[in-house]
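First the proteins, then the strands, lettered A, B, ... as listed; each starts at 1.
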Amino acid sequence: MNMTRERPEVRALVEDLFRHHAAAMLAVLTRQFGLENIELAEEVVQDAMLQALRLWPFQGVPANPRGWLIQVARNKALDLTRRNTALQRRRKELERSSTAAEARYAQGPDTDDFGDERLAMIFACAHPALVPEARVALTLKAACGFSVTEIARAFLASEPTIAQRLVRAKKLIRERGVGLSLPDAKELPERLESVLQVIYLLFNEGHSASAGDALVRHELCGEAIWLAELLARRPETSRPKVFALLALMELQAARLPARLDESGDLVLLADQDRSKWDGRLIDRGLRHLDQSSAGDELTSYHLQAGIAAVHAVAVDHASTDWDRLLGLYDLLLAVEPSAIVALNRAVVVAMRDGAQAGLEALDAVASAGSLREYYLLPATRADLLRQLDRDEEAAACYETALALAANGPERRFLQARLHRCRRDRAAVLSSPFSSRD
Amino acid sequence: MPQFMLILHETPGDFAKLSPTEIQAIIERYGAWTMKVAAAGKLVGGHKLMENGGKVVAKAGDQLKLVDGPYSEAKEVVGGYFILRADDYDDVHQWIEGHPHLDFGRIEVREVDFMGQPES
């Protein structure tokens, strides 16, 4: 018995191949089945991947895994159109298009995965008819290939909640007759804005340190960047503000490796080990920021990316270009007059002009009242008060912040600060030579 | 060197809800195992078996009786097999220990009986 020649080929798979290819196949099949039949397309795609799971361990990974998967999915889709009368009229189209698609894949495993269909899917998922949280969930499911379980884990939500959200979103898409095609030139700017918002929400969800699974959260950031890259590559959507958002996310993601210490505690920008920053991502971010300046549009993404770039190029915290940073914050405040931007601006004022000036800027923000529930306001105030040796007031502010902070790392961070503040204060009070108080 | 057949039993349906990422991770684990045994010169071959259309042949009196099955809907089916070269069962055991299939089903191991003849 000699089976040596039939030994399975062992080939490595590209990272995220299944996830991204599942999304590509879903986009192609949904285009053919119609968006109202997206669930049937999802079943077909899942079936094709399970087929690979059963076969490849024995036969090895085929030379063109994506081509193999799309072929299997196509056959299963044709099967389905034979059995499902509602889909019968789609069959001709499916048969016709299958040869073209397979020819595309036959060219090799590195050809672009169905850019048109995928782009249309991204636009459909971010449709303005859906509420923002449904847009994000649907994007992860249909454009990125996450499972319901994975989405639930990423959002610290229960699986039934996410499943419900998806069902409602799909129902709304059916009712509104949303199609799977690119918006026309007139509609495109507004629809693109909605897509960018979804991507930014996705990124922020991953970026905000939380008690959730750190790995999943990094994945969300990676996914947001991947989506923005897709848009940047396509002529229809490669607008300056897409590059600005891409740059912003890359520059912020570059700092992720330094944001938590070994015990999972938050490390402030000022205290981060900058050698841990991802230099490759910073380079890409700076290059994309360059590309974003092509037009005459100055968006919030441009300014936020500019701010992230100032931090990224500073050798250490002290040598940050505070003048430039303040200038960017002033512009950002004009484009996006939000209390959170004003809060961040106050921190920069404190760095440039001292804690007292920062405190005054901060009090102006606080008196507006909209950040009453936001823990970073009292936390920042406490930091500045500490610099001014007003430890008793600082301790009270840390306590207020603690009461508002939601997640583990943030709470631990504040507790440590409060502890240090109380200790210093106790030391001062017990010292017979204390000139303070 | 003696040869052993690894018969991989699995429960169909166990995989149905896996995400694309999970599917890829499992395929990669199987691939890593295959690479390891192949690199060590232990792997003779392996195949997946068709899920549908299996027959069970039996004699009923003078008649040969063909029955459909086992169905993929059955509680447990044979998904496929590998053939390994190994010194003995202990050796096979070493190679099987990290097999990813053990997370999903059981592996039956049987030595190929060459009846004392050298492997052709």
Item to check | Selection from Arg29(B), Glu28(B), His101(B), Lys48(B) maximising heavy-atom pairs under 4.5 Å formed with chain A | outcome: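 Most pairs with chain A among the choices: Lys48(B).
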Item to check | chain A contact via Leu8(B) - which portion, at a heavy-atom distance below 4.5 Å | outcome: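 Just its side chain gets close to chain A.
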Checklist entry - Considering all heavy atoms of both residues, which atom of Glu22(B) and which atom of Arg153(A) are nearest to each other, and what is their separation? => result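 Result for this residue pair: OE2-NH2, 4.4 Å.
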Checklist entry - If you look at every heavy atom in Ser19(B) and Glu150(A), which pair is closest and at what distance? => result OG-OE2, 2.7 Å
Checklist entry - Hey, is the main chain of Leu17(A) close enough, under 3.5 Å, to the side chain of Gln24(B) for a donor-acceptor pair? => result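 Pair found, side chain donor or acceptor close to backbone of Leu17(A).
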Nearest 0.5 Å, please: how far is [atom2] in [Y] from [atom1] in [X]?
X        : Y        : atom1 : atom2 : result
Gln59(A) : Thr34(B) : CD    : OG1   : 11.0 Å
Ile26(B) : Phe18(A) : CD1   : CZ    : 10.5 Å
Lys17(B) : Leu50(A) : NZ    : CG    : 12.5 Å

Checklist entry - Under 4.5 Å, heavy atom to heavy atom, which residues of residues 37-47 of chain A contact chain B? => result Gln46(A)
Item to check | Counterpart residues, salt bridge (Lys or Arg N to Asp or Glu O under 4.0 Å), relative to Arg54(A) (two or more places apart) | outcome: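 Listed in chain order: Glu51(B).
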Checklist entry - For Ala52(A), is it the side chain, the backbone, both, or neither that has a heavy atom closer than 4.5 Å to a heavy atom of chain B? => result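 For Ala52(A), the contact with chain B is made by backbone and side chain together.
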Next on the checklist: Is it true that, when you exclude His93(B) itself, more than 12 heavy atoms of the residues, nucleotides or ligands shown sit nearer than 6.0 Å to its NE2?
Outcome noted: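 At most 12 heavy atoms, drawn from other residues, nucleotides or ligands, come within 6.0 Å of this atom.
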Checklist entry - For Glu111(B), does the CD atom sit with more than 12 other heavy atoms under 6.0 Å from it, leaving out its own atoms? => result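 Result for CD/Glu111(B): enclosed.
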Item to check | Centroid-centroid under 6.0 Å between Phe58(A) and Phe82(B) rings | outcome: yes
